[in-house]
Amino acid sequence: MLIAGNWKMFKGAHEARRFAAQVRHLPERMPGIEIVVCPPYTSLVATLEGLGEQSEIRVYAQNVHGELEGAYTGEVSPPMLLELGVKGAVVGHSERRQHFGETDEMVRRRAEGALEAGLAVIACVGETEAEREQGRTNEVLERQVSVLPRHDRLVIAYEPVWAIGTGRNATPEIAQEAHAFVKSLHPTRVLYGGSVKPENARVLLAQPDVDGALVGGASLDAQSFEEICAAGVEAAAAA
Ligand code: PGA
């Protein structure tokens, strides 16, 4: 069971350091789960410092380039993250695909480069509302998942785009069905993402093929993040 908080473009260095110091001991109360936070690039160091060396919370970036170095203005490479103590990165988030034109091929290159360099990867997949309405969910998932490398440090996050930041989470049945399908294509752990909140985390995480959550908005608040982690502990204990 893996609970990851995606802070998106929230929490500058000052706030990140304070938040990290607040949650650093969380894993000691949360047996059986892994906890990850994904700050913006400029808050990575402050987060690591706020957590301190003893904390078991791992820090991932929200994206990473696939090359080790080069003329890629505005990008950050896997070794640059590793040098800081960052352990992984999200790739292919739907906001990257929607607003920054990232394609399946780019997601594949980012995932491969990150894994080769030694990072863990959370690779995001998921259909838009229109694609679901047109009955194309499985086709979209198949296309997005097919480019992802098989690697023991890669986990997939199923994030239906219509559920992200909308307060409209997938029903547990929809999540379970999509997760089972993703796993039939790519045998790995699959996290659910899209409006996960303390109120719905328990029932989503209780689904047999839901192996954790990628939490956006509700991960920004220490109390609600802790409640979602606690739901993960319960689900892990019941599994
Ligand atoms: P949300 O975001 O929990 O705010 O819907 C999830 C995500 O984008 O990873």
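Here the structure is a predicted model, which is why all the values come from computation and not from measurement. Both ligands and their constituent atoms are indexed starting at 1 by order of listing.
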**Asked** Atoms of ligand 1 less than 4.0 Å from G217 heavy atoms?
**Response** 1 (P), 3 (O), 4 (O)
**Atom indices of ligand 1 within 4.0 angstrom of A163 heavy atoms, with elements** = 5 (O)
**Asked** Applying a strict 4.0 Å limit to heavy atoms, is G193 in contact with ligand 1?
**Response** no
**Asked** Which of these, H93, E159, K8, has its nearest heavy atom closest to atom 2 (O) of ligand 1?
**Response** K8
**Prompt:** Parallel, tilted or perpendicular: which describes the rings of H179 and Y158, with under 30° parallel and over 60° perpendicular?
**Reply:** perpendicular
**Asked** Do side-chain atoms of T137 reach the backbone of E127 as a donor and acceptor pair under 3.5 angstrom?
**Response** no
**Complete:** Under 4.0 Å from one or more heavy atoms of G194, ligand 1 contributes atoms 5 (O)
**Asked** Are the side chains of R18 and E15 in touch, meaning some heavy atoms are under 4.5 Å apart?
**Response** yes
**Prompt:** Does an N or O anywhere in V215 fall below 3.5 Å from an N or O of ligand 1?
**Reply:** no
**Message:** Heavy-atom pairs closer than 4.0 Å: do any link ligand 1 to the side chain of N6, the backbone, both, or neither?
**Reply:** side chain
**Request:** Using a 4.5 Å cut-off on heavy atoms from C-beta on, say whether the side chain of S219 contacts that of I228.
**Result:** no
**A120 backbone acceptor or donor facing R153 side chain under 3.5 Å** = no
**Item:** Salt bridge present between E129 and R168 (N-O < 4.0 angstrom)
**Value:** yes
**Prompt:** Does G165 come within less than 4.0 Å of ligand 1, judged by its heavy atoms?
**Reply:** yes
**Prompt:** With a 4.5 Å limit on heavy-atom distance, are the side chains of S195 and T166 in contact?
**Reply:** yes
**Message:** Just to confirm my output: which protein heavy-atom neighbour is closest to atom 3 (O) of ligand 1, and how far is it?
**Reply:** G216 N, 2.9 Å
**Asked** Which atoms of ligand 1 have any heavy atom of S195 under 4.0 Å away?
**Response** 1 (P), 3 (O), 5 (O)
